[in-house]
Amino acid sequence: MEKYLSQLNDAQLEPTIQVDGPMIIIAGAGSGKTRVLTYRIAYLMHKGVDSFSILALTFTNKAAREMKERIAQIVGESEAKNLWMGTFHSVFARILRVEGHHLGFPSNFTIYDTQDSQKLLGSIIKEMNLDKDLYKTKQVYSRISSYKNSLITVKAYFNNAELMEADAMARRPQMGNIYKAYVDRCFKAGAMDFDDLLLRTNELLTRFPTVLAKYQDKFRYILVDEYQDTNHSQYLIVRALADRFQNICVVGDDAQSIYAFRGANINNILNFQRDYDNVKLYRLEQNYRSTKNIVGAANSVIDHNQTKLDKVVWTANEEGPKVKVHRSLTDGDEGRYVASTIWETKMNQQLNNSDFAILYRTNAQSRAMEDALRKRNIPYRIYGGLSFYQRKEIKDVLSYLRLILNPSDEEALKRIINYPARGIGQTTIDRLVVAANGLGKTIWEILKEIDTVQVNINNGTKNKLRDFVTLIESYQVMNQTATAFELAEHVVKSSGLMREFNKDGTPEGVTRLENVEELLNGVKDFVEGQQELADAKGDLAEFLEDVALATDLDNEKGDDDVVALMTIHLAKGLEFNNVFVVGLEEDLFPSAMSMNTRSELEEERRLFYVALTRAEKQAYLTYALSRYRWGKLVDSEPSRFIEEIDDQFIENITPKEERRINPMLSADIFGDVEPNKVRFKKPIQPKFKKKEKKAPEKFTPSTPKNLKKVDALGKNDVPSTNLFDGNLAVGNIVSHMRFGKGEVLKIEGKGTDTKAEIKFEVAGVKKLLLRFAKLDVIG
DNA sequence: AAAGGACACCTTTTT
DNA sequence: GGTGTCCTTT
């Protein structure tokens with residue numbers, strides 16, 4: 001027997017060496033399911049299964065990559081790299097590149113991300129003259145997404161009286177027509193959205209039996225990880241592919257199903273045994289990750305759910321410290337508590353930053369944590385949120401690259417046809433769209449025929465359009481020979497993007513430039529990485545595909561020693577020595593939007609279960625009595641989930657005297673920074689803005705900037721513009737309407753961004769924008 | 001057509 | 001608190 005198998009316990013070994021037939025592994029949190037999957041694949045290969053015929057579908061690219069590396073260590077690099085392993089989306093995108101032509105898609109189809117899709121829907125709704133308040137793009141998008149995930153095509157939609165009535169009842173009778181227009185436009189643009197990658201795969205396998213047979217024959221052994229989070233579309237793909245050989249192994253944990261909002265159907269795992277004959281069922285119930293207290297706490301919570309499979313997770317690990325529960329006054333305090341605890345624990349136990357994770361329900365909660373960590377100089381990294389590739393400047397560059405590859409890509413074209421500004425305005429673009437829709441052509445085709453096509457655009461503008469076409473075509477020529485990196489660099493420099501990002505010189509502009517630089521480095525790394533692989537070309541197409549399906553978790557650079565901040569969703573599958581689950585408050589976690597039905601609430605509870613079970617040694621649960629939400633201070637109650645934990649596993653550690661903060665370690669020596677921040681920003685800014693509106697006729701036409709200055713500085717007759725010109729000096733004593741008397745400590749920035757750091761007698765040290773601050777120099 | 005301010009909406013979670 | 005979109009001004 002292969003020696004790696006000796007590393008498995010009996011429960012793990014059985015499913016690992018079961019080669020043929022359908023099987024389901026119900027794997028509790030931390031029970032070693034990745035290990036089983038990895039070894040099972042290695043075992044299959046040792047038993048003579050061709051590595052080309054194994055398909056392993058994972059939930060993240062990262063999981064796939066790590067598993068592949070581990071398998072490579074056992075069976076060797078050259079064999080491991082033949083495995084088909086990746087997310088549903090990436091594997092089937094790859095197949096659609098080859099087979100998409102059956103459905104009329106070019107092999108270089110674009111993958112639209114959520115932003116692209118929603119923008120397209122926005123234009124469609126506008127073009128159809130519909131009420132945008134009734135047809136909100138986000139809602140329309142998620143509606144269409146759920147149709148697609150349920151395999152309801154446009155045709156099926158119009159055959160489904162019930163659905164149409166539901167939409168009509170929701171005062172959206174045009175949903176079907178929007179859906180149709182959206183699908184048509186994507187098709188015309190040679191684009192697929194995320195859901196299409198699954199839906200079109202289903203279409204391919206259903207309509208083309210020879211294609212189905214080809215892949216059934218190819219993928220003789222199929223493994224699916226995180227099966228509890230598959231949606232209907234994914235479920236059908238797996239069933240179709242596994243139908244011939246029935247060598248299907250699914251792994252999952254119903255207690256960790258947390259993606260219902262995007263169509264995941266927990267019944268796929270609950271009913272797996274009905275879908276195939278002679279299904280072998282295995283259970284992994286021993287947790288190797290966490291202490292007894294953590295496992296006990298997690299179990300006691302999940303017991304409150306009605307819908308679940310029989311399973312008892314237990315551990316032989318040490319008892320460990322109890323789960324700690326901490327209450328704060330505000331979210332700011334919560335952040336400071338977390339930061340100081342990390343700081344102390346790190347010192348006391350000689351731990352690394354990477355031994356800590358802060359998990360939250362919503363991305364917006366990261367800010368309070370960031371502020372606190374920064375003040376303590378604790379390095380951290382935020383995962384998720386606005387991903388790198390979603391940033392404006394990055395999407396701008398990528399849009400150029402996308403257009404080079406697929407000029408039909410309407411969203412990319414609309415984004416950059418006038419960016420940087422080339423005098424092609426909205427009116428022109430609208431006319432192009434109308435012409436394109438009328439003739440059933442793409443905008444690019446219209447542009448190419450601009451001389452002959454009937455369109456109401458004047459000659460000057462036509463010249464600009466021709467220049468744009470020439471520019472893109474020159475890039476296309478370059479793409480024939482250059483690497484993705486050479487091309488991307490050339491595009492950034494020659495398109496005027498670089499100049500655009502460079503021109504303002506603001507801190508934001510500098511950040512933009514840095515991001516673009518990082519993107520270019522990313523392209524370079526990618527090209528070099530791909531060139532080492534024999535079967536990859538490292539060309540633009542491969543890079544863009546990689547980018548379209550990359551998640552933030554995949555962009556891990558090195559193994560920096562940082563505290564990890566992320567949503568609980570993103571944390572699934574990960575583990576950390578110490579875990580802080582923050583913001584455990586009613587309406588936040590569980591979310592106010594998920595408490596209407598039992599099933600929604602149960603999903604929130606599973607999410608909490610996932611959060612708790614990320615911890616190996618110590619879990620902290622924190623909540624605040626009030627929290628800033630949408631810029632407002634809102635009272636909150638502790639989450640019901642805390643109540644649901646059996647008392648024996650938790651310990652309340654809220655100090656009696658909550659406000660004892662060591663002044664040396666806290667930046668807000670003069671009191672709580674948070675309320676002041678709001679009081680300072682809110683009233684002053686609007687006052688100034690309102691005044692400006694009334695002001696203009698009083699003054700002779702001068703530059704608006706002068707108006708601002710005089711206005712902003714208020715009533716005193718001293719030309720307060722002085723403060724801008726540097727006449728406010730360090731050491732000056734000033735008076736402020738709200739903060740009173742203070743001394744200027746420091747002046748930084750210039751122009752309208754000039755800021756002064758002022759130490760007020762009562763209010764403490766504040767940094768004020770001179771443009772807004774009403775200051776009188778009194779000494 | 002470009003630029004800048006006002007305003008609305010936002011927040012669940014993501015491939 | 002931040003972003004995206006609308007509206008106004010030049």
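All figures in this text were calculated on a predicted structure; none of them were measured in a lab. Protein chains get the first letters and strands the later ones, always in sequence-line order, with residue 1 at the start of each.
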**Item:** Nearest-nucleotide pick for A:F261, side chain only, options being B:dT13, B:dT15, B:dC10
**Value:**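 The listed nucleotide nearest to A:F261's side chain is B:dT13.
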
**Item:** Options B:dT11, B:dT15, B:dT13, nucleotide nearest the side-chain atoms of A:T567
**Value:**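 Taking heavy atoms from C-beta onward, the closest nucleotide is B:dT13.
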
**B:dT13 versus C:dG4 - spacing of their P atoms, nearest Å** =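 That atom pair is separated by 15 Å.
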
Students often get this wrong, so: under 4.0 angstrom with heavy atoms, is [X] touching a base, only sugar-phosphate, or nothing?
| X | value |
| --- | --- |
| A:R367 | sugar-phosphate |
| A:F88 | nothing |
| A:T427 | sugar-phosphate |
| A:D195 | nothing |

**Ring centers of A:Y182, A:Y141 separated by less than 6.0 Å** = no

**Message:** Taking the ring of A:H569 and the ring of A:Y360, is the distance between their centroids below 6.0 Å?
**Reply:**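 Ring centroids of A:Y360 and A:H569 are no less than 6.0 Å from each other.
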
**Carboxylate-amine/guanidinium contact A:D331 A:R629, below 4.0 Å** = no

Phosphate OP1/OP2 of [N] contacted by [X] side-chain N/O (<4.0 Å):
| X | N | answer |
| --- | --- | --- |
| A:S591 | B:dT13 | no |
| A:N418 | B:dA1 | no |
| A:T60 | B:dT15 | no |
| A:N363 | B:dT14 | yes |

Measure from [atom1] on [X] to [atom2] on [N] and round the result to the nearest Å.
| X | N | atom1 | atom2 | result |
| --- | --- | --- | --- | --- |
| A:Y141 | C:dG4 | OH | P | 16 Å |
| A:Q365 | B:dT11 | CD | P | 14 Å |
| A:E604 | B:dT11 | CD | P | 16 Å |
| A:R94 | B:dT15 | CZ | C1' | 18 Å |
| A:R262 | B:dT15 | CZ | C1' | 5 Å |
| A:Q115 | B:dT15 | CD | C1' | 15 Å |
| A:D430 | B:dA1 | CG | C1' | 13 Å |
| A:W630 | C:dG4 | CH2 | C1' | 19 Å |

**Message:** Let me spell it out: for each of A:F59 and A:A421, pick the nucleotide of DNA chain B with the closest heavy atom. Which residue's pick is nearer the 5' end?
**Reply:**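 The answer here is A:A421.
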
**Asked** So which one's nearest nucleotide on DNA chain B is more toward 5', A:S90 or A:K136?
**Response**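 In this pair, the answer is A:K136.
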
**Asked** Can you list the steps and then say if A:E370 with A:Y380 is a side chain to side chain donor-acceptor pair (under 3.5 Å)?
**Response** CA-CA 8 Å; A:E370 284 181 80; A:Y380 63 89; 3.2 Å; yes

**Prompt:** What's the verdict on side chain to side chain donor-acceptor pair (under 3.5 Å) for A:K414 and A:S123, showing C-alpha distance, side-chain angles and the deciding distance?
**Reply:** CA-CA 11 Å; A:K414 284 199 286 197; A:S123 344; 3.3 Å; yes

**Item:** Complementary nucleotide for B:dT11 - Watson-Crick or wobble, under 3.5 Å
**Value:**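 Base partner found: none.
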
**Asked** Should the ring pair A:F59 and A:Y259 be called parallel, tilted or perpendicular, given that the plane angle runs from 0 to 90° and is split at 30 and 60?
**Response** tilted

